[in-house]
Amino acid sequence: MARRRQIYEGKAKVLFEGPEPGTLVQYFKDDASAFNNKKRGTITGKGVLNNRISEYLMLRLGEIGVPTHFVRRLNMREQLVREVEIIPLEVVVRNVAAGSLAQRFGLSEGTPLPRCIVEWYFKSDALDDPMVSEEHITAFGWATTQDLDEMMSLALRINDFLCGLFLGVGIRLVDFKIEFGRLYNGDDMQIVLADEISPDSCRLWDLRTGDKMDKDRFRRDLGGVEEAYQEVARRLGILPEG
Ligand code: C5P
């Protein structure tokens, strides 16, 4: 681990300086946290599974023309990504009421939403990631109206595609969180999908039984967390070798 300069350490991942300028190495840890770090634990093998699942989903999204930071997987726990300037927003897309939305509006979990809902949260551990409106985002300069349009349109395309992909393997995509970054190339700037997409950042329910196959198993002490992540990888046809 001492071989590369560490750029950033998050709750579930570490970013190291990459082998070429403009690249980073994203390392996936087994550490799990929930409720803004109030609950912590370890899920054995989670880093390996999330590295593979996120690789798979980013590649499939890339194939349909969604720009991403993903370059290639390097090994069991690391992937090479492009260095981007992270936009300090968590973009949540919801298809079915669950989690904080169910709580806020007094809906029972599992209630289908009239249409998918996109929400913006300001990334700040100190403030517990408060929900923000487009007004806050543009007024405080976190993103421009054009950036917001681009992120909204990418978020909806990503949702459409992932809903279908998961449906094909018997999984309901209830909601998920994504992050975007700015990729600079001379005077050009492109907004790309960054971070990860994995059972840590999605709610995935078995289509037949309704069983949770995501981090809610850890958040709610349901047990079988590693097995659930493994089952997601198995259904996607990407169980890690070895
Ligand atoms: O908790 P809430 O219902 O707002 O979460 C919505 C979705 O966003 C869930 O899939 C959850 O896993 C994800 N999320 C996340 N990181 C956060 C907050 C939510 O990945 N900090």
Side-chain angles (χ1 to χ4, degrees), residues 8-13 26 28-41 43 46-47 49-51 53-54 57-58 61 69 86-113 115-133 137 142 151-152 154-156 158-163 165-167 171-181 193-207 210-222 225-226 228-229 232:
Y8 169 84
E9 175 151 19
K11 287 167 243 169
K13 292 188 297 293
Q26 184 164 256
F28 289 75
K29 301 192 275 187
D30 283 349
D31 298 356
S33 69
F35 314 118
N36 195 27
N37 238 358
K38 287 175 201 79
K39 179 183 171 85
R40 288 188 219 191
I43 303 167
K46 173 173 83 85
L49 290 161
N50 281 359
N51 187 22
I53 294 170
S54 197
L57 297 176
M58 292 260 179
L61 286 164
H69 74 157
I86 288 286
I87 297 174
L89 297 172
E90 303 207 330
V91 184
V92 169
V93 185
R94 302 178 184 272
N95 299 299
V96 176
S100 71
L101 179 119
Q103 229 170 14
R104 193 173 328 119
F105 297 105
L107 298 167
S108 41
E109 286 214 315
T111 312
L113 298 171
R115 62 169 172 81
C116 76
I117 295 177
V118 178
E119 299 172 339
W120 313 94
Y121 294 84
F122 177 52
K123 260 172 81 73
S124 163
D125 286 345
L127 299 173
D128 262 353
D129 300 337
M131 188 189 234
V132 291
S133 71
I137 296 170
W142 300 320
M151 286 189 281
M152 176 68 95
L154 286 171
L156 294 176
I158 292 167
N159 184 46
D160 272 354
F161 180 76
L162 291 185
C163 273
L165 185 146
F166 280 116
L167 205 58
I171 294 175
R172 191 175 186 199
L173 179 60
V174 170
D175 57 33
F176 61 95
K177 183 269 297 182
I178 44 180
E179 296 182 26
F180 292 99
L193 178 64
D195 193 53
E196 70 178 298
I197 309 185
S198 72
D200 268 9
S201 55
C202 300
R203 283 198 175 92
L204 304 168
W205 293 356
D206 183 279
L207 202 56
D211 282 355
K212 299 185 196 313
M213 306 172 73
D214 55 60
K215 204 164 98 178
D216 271 349
R217 300 204 73 85
F218 168 76
R219 293 188 188 102
R220 303 179 189 188
D221 292 321
L222 299 175
V225 192
E226 190 196 341
Y229 281 49
V232 172

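When a ligand or atom number is given, it counts from 1 through the structure's own listing order. Note that the numbering runs from 1 along the sequence shown for the chain.
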Who's the nearest protein heavy-atom neighbour of [atom], and how far?
| atom | answer |
| --- | --- |
| atom 2 (P) of ligand 1 | Ser100 OG, 3.4 Å |
| atom 18 (C) of ligand 1 | Glu90 OE1, 3.8 Å |
| atom 7 (C) of ligand 1 | Asp175 OD1, 3.5 Å |

Can you tell me if Arg115 has over 12 outside heavy atoms packed within less than 6.0 Å of its CZ? no
Return the option from Lys177, Arg203, Arg219 holding the heavy atom at the smallest distance from atom 1 (O) of ligand 1. Arg203
Do you see a donor-acceptor pair shorter than 3.5 Å between the side chains of Tyr229 and Asp214? no
Consider only side-chain N and O atoms of Ser100 and Arg94, and report whether a donor and an acceptor are under 3.5 Å apart. yes
Is the contact between Cys202 and ligand 1 made by the side chain, the backbone, both, or neither, using heavy atoms and a 4.0 Å cut-off? backbone
Answer with side chain, backbone, both or neither: which part of Asp200 has a heavy atom less than 4.0 angstrom from an atom of ligand 1? backbone
State whether Phe218 and Lys39 meet the cation-pi test: NZ (Lys) or CZ (Arg) under 6.0 Å from the six-membered ring centroid, and within 45° of the perpendicular axis. yes
Enumerated ligand 1 atoms positioned under 4.0 Å from heavy atoms of [X]:
| X | answer |
| --- | --- |
| Gly99 | 3 (O) |
| Asp129 | 21 (N) |
| Val92 | 6 (C), 8 (O) |

Is Arg94 in contact with ligand 1, taking contact as a heavy-atom separation below 4.0 Å? yes
Residues passing the side chain to side chain donor-acceptor pair (under 3.5 Å) test with Arg217, sequence neighbours excluded, are none
Side chain to side chain donor-acceptor pair (under 3.5 Å) involving Ser198 - partner list, sequence neighbours excluded: Asn50, Glu196
For Asn36 and Asp129, run side-chain hydrogen bond (donor to acceptor under 3.5 Å, both in side chains): C-alpha distance rounded to whole Å, both residues' side-chain angles, the deciding distance at 0.1 Å, then the answer. CA-CA 8 Å; Asn36 195 27; Asp129 300 337; over 6 Å; no
